[in-house]
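The block underneath contains the structure these notes are about, expressed in structure tokens.
Per chain, numbering begins at 1; letters A, B, ... match sequence-line order.
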There are 2 protein chains.
Amino acid sequence: MTAPRRSRSRAGSTAPRATIEDVARQAGVSVATVSRALRGLPNVAASTRSRVERAAEDLRYRPDPNASRLATGQAHAIGVAVPNIGGWYFSQVLAGVEAVLAPAGFDLLVYAAAEPDDRRRFLGDALPARQRVDGLVLVDLGLPADDVGPWVDSGVCVVTIGQRTDPFPSVTVDNRSAAATAVRHLLNLGHREVALIDAGDEKRFHFAVPGLRQAGFHDALAERGLSVRPEHVETGLFTVESGRAAMDALLATSVPPTAVFAASDEMAIGAMDSARQHGLTVPHDVSIVGFDDHDMAAAWGLTTIRQPVVDIGGRGAALLLAELAAGAPTGDHAVMPTQLMVRRSTRRLG
Amino acid sequence: MTAPRRSRSRAGSTAPRATIEDVARQAGVSVATVSRALRGLPNVAASTRSRVERAAEDLRYRPDPNASRLATGQAHAIGVAVPNIGGWYFSQVLAGVEAVLAPAGFDLLVYAAAEPDDRRRFLGDALPARQRVDGLVLVDLGLPADDVGPWVDSGVCVVTIGQRTDPFPSVTVDNRSAAATAVRHLLNLGHREVALIDAGDEKRFHFAVPGLRQAGFHDALAERGLSVRPEHVETGLFTVESGRAAMDALLATSVPPTAVFAASDEMAIGAMDSARQHGLTVPHDVSIVGFDDHDMAAAWGLTTIRQPVVDIGGRGAALLLAELAAGAPTGDHAVMPTQLMVRRSTRRLG
DNA sequence: ATGAAAGCGCTAACAT
DNA sequence: ATGTTAGCGCTTTCAT
């Protein structure tokens, strides 16, 4: 074939980019020397190196990443898979990941695994990722046990964020104890009719977080010998709207709760709005605590559990980079701190 | 050299993936035929094709994208550059872009151009993008005039979102008239002391949006022969916190405004919280209108301008795909609709 | 309808 | 310190 004529010529103006060979010719050296010189490898005379740099500069040479990838097997790119790009938590984590990857010279590929099908297609088979990325950050996406083996064998480095999936490094928060802390806060305020708005996507995503927060909720109640009315548990979808609907349901129960723990701030805020629509005042009539410390939580006066979202992403990326550099699994597991932020949405019962 | 031994072997378990040659051998045909068969090209006997498919399946063959890219010059990937990954607007646009790209089989590379340096490095030189992506979506990132030519020549397809930069296709909303609509709403309610919280990042990003919304604000006032007090214009950064600070300043002026137009919902919400902290009630003491229709705007009862954020991203991606397919600039410019959402944060003066 | 073979632009042995 | 050269795994022209 030869020259796959860089098609898609914009009105035929496509300038032919310089190759390593052009640089070699211009500098009067071999391509090997150019390669070494430009990549800062040893065994290049200083004078030669600067001559090569000069030539590369003149020709505006840019190495073709695809050729490098093909030759080295390193993509210098990492992939991040999230259930939902538009979600607040995920966007913050993504920002954190990007912030450490870009300076390290890695490209960031984003994959959304919103639907079970996407997830299946994406996670069920390690191979597609193989030459595309050097590593993968899985955010709140559990790898089904069956798929772990193939992934490990595939040679793609993975780290998980939000939940731990051995043997991969991970960065998590202690969702269970943080949730318990949130609920204890309510209990300490004298509340006994405490409701839960959780999120039930475990099935779809092998998503452990909702279950853990739910468990923390029950832990706190159990410590005091309390339990929750079945009708005081509603399931949302991590959205404002679903939180509103959940609260609507809670307020329609025979004994409405005096306090509510929502597994995310989005849902907590939906719940607050529902309360308002029902003519109730927060925290006078009902106390509400959320989880995340969303950008807008403070403006809402929402009591919540803060988690360092951006740092979580950054840490995940750093772990991945470390693993890549080590060339072997590091087995690191970072557990990031959480903090109860007491604001105006909770108050002593009565 | 040969075999760049797919290093980073996970405990040496790295399974050697199948190449096109393996498939050819297994199917008893040549690699050329395998290539044709698997890509659905014509001139392959049906029986041959199925034999090849069988073999590929058996060997779990996955073509190496890097090799294809090198051979064809098509990356089957597109890049999206945003000023700020964690911003609500950008995360929604990103989600929209991903939703159309993924089904089309394109990888999505995300670049953050938060700092002027990043922007400069990224936009100032089209070449790095060249073999990495087939096209680029620039979200609210204006290309300095000097850089347009090189980009056009580089053969990378670009579309801009949020602002138009000829000759690239674009998707925008009419920020100026939408802002005027928002302010007219305030004026129609009898307000005369109307303040503006804008965002002044034009310099950093060649970012046209703030200026347009600002212009719309002035348009509406001018229609009524009104003008704004200089101290009634504050500049934020599209964040809740900066909106709060801006409102603090507005409320400290000698004649505090009775109404405020904020150039984004985040800032509007910060302003609402500031008003509350100052003991004021919205809309009783001050009316506030925002821009975006953020996920949480409805819960806040915030009157605002809705723009179809996800669709904007989707449309941008679609335009890019069309341009790629056409192999030539399409010159399409989509102007998406906006809508005034009247809620509880605005009311008649008095 | 199929195959042989020449690249695509790099990197990395292996000389020298 | 530098050059030669054989790949990396595909695609595509040109024969057949």
Side-chain angles (χ1 to χ4, degrees), chain A residues 1-7 14 16-52 55-56 59-76 127-128 130-132 155, chain B residues 1-7 14 16-25 27-52 55-56 59-76 127-128 130-132:
Chain A
M1 49 110 277
T2 72
R5 252 353 24 230
R6 309 264 145 253
S7 44
T14 310
R17 86 250 100 94
T19 72
I20 198 174
E21 209 153 345
D22 299 325
V23 178
R25 197 173 313 117
Q26 169 109 356
V29 297
S30 73
V31 294
T33 299
V34 172
S35 179
R36 283 188 286 250
L38 261 23
R39 285 182 304 152
L41 263 39
N43 292 335
V44 180
S47 64
T48 307
R49 193 182 302 267
S50 55
R51 198 149 31 90
V52 170
L59 299 171
R60 316 207 62 212
Y61 168 68
R62 298 289 177 282
D64 182 331
N66 299 313
S68 308
R69 286 168 182 167
L70 186 56
T72 62
Q74 311 286 156
H76 273 280
L127 283 320
R130 186 59 173 287
Q131 302 92 343
R132 222 173 280 272
Chain B
M1 48 112 273
T2 74
R5 261 340 35 222
R6 308 263 145 252
S7 44
T14 310
R17 84 247 106 92
T19 72
I20 197 174
E21 208 152 347
D22 298 326
V23 178
R25 197 172 313 117
V29 297
S30 73
V31 295
T33 299
V34 172
S35 179
R36 284 188 285 251
L38 260 23
R39 285 181 306 152
L41 263 38
N43 290 334
V44 179
S47 64
T48 306
R49 192 182 302 267
S50 54
R51 198 146 32 87
V52 169
L59 298 171
R60 315 207 63 210
Y61 168 69
R62 299 289 177 283
D64 182 331
N66 298 314
S68 309
R69 286 168 184 169
L70 186 57
T72 62
Q74 312 286 157
H76 273 281
L127 283 320
R130 186 61 171 287
Q131 303 91 343
R132 222 174 279 274

Contacts of B:R132 that satisfy side-chain hydrogen bond (donor to acceptor under 3.5 Å, both in side chains) - sequence neighbours left out: A:D107
Between [X] and [N], is there a contact of a side-chain N or O with OP1 or OP2 at under 4.0 Å?
X	N	value
B:S68	D:dT11	yes
B:T19	D:dG9	no
B:T33	C:dT2	no
B:S35	D:dC10	no

Gap separating the CZ atom of A:R36 from the CZ atom of A:R49, nearest 0.5 angstrom: 10.0 Å
Nearest-0.5 Å distance that lies between atom CG in B:D64 and atom CZ in A:R69: 10.5 Å
Separation of [N] [atom2] from [X] [atom1] (nearest whole Å):
X	N	atom1	atom2	answer
B:L70	D:dC10	CG	P	12 Å
A:R62	C:dC10	CZ	P	12 Å
A:N43	C:dA15	CG	P	16 Å
A:L59	C:dC10	CG	P	12 Å
A:L41	D:dG3	CG	C1'	15 Å
B:E21	C:dA4	CD	P	11 Å
A:N66	D:dC10	CG	C1'	12 Å
B:Y61	D:dT11	OH	P	6 Å

Most 5' of B:A67 and B:S47 on DNA chain C, judged by nearest nucleotide: B:S47
Heavy-atom donor-acceptor pair, A:R36 side-chain to D:dG3 base, under 3.5 Å: yes
C:dG9 base / A:R69 side chain donor-acceptor hit below 3.5 Å: no
Just compare [options] and give me whichever is closest to any side-chain atom of [X].
X	options	result
B:T48	D:dC10, D:dG3, C:dA1	C:dA1
B:V29	C:dA1, C:dG3, C:dA12	C:dG3
A:D64	D:dT11, C:dC10, D:dG3	C:dC10
A:I20	C:dT11, D:dT2, D:dT11	C:dT11

Heavy-atom closest pair, residues A:A55 and A:Q26: CB-CG, 3.4 Å
Heavy-atom donor-acceptor pair, B:R51 side chain to B:A27 backbone, under 3.5 Å: yes
Heavy-atom donor-acceptor pair, B:T48 side chain to B:V44 backbone, under 3.5 Å: no
Touch class at under 4.0 angstrom, heavy-atom based, for A:R39 against every strand present: sugar-phosphate
Touch class at under 4.0 angstrom, heavy-atom based, for B:A32 against every strand present: base
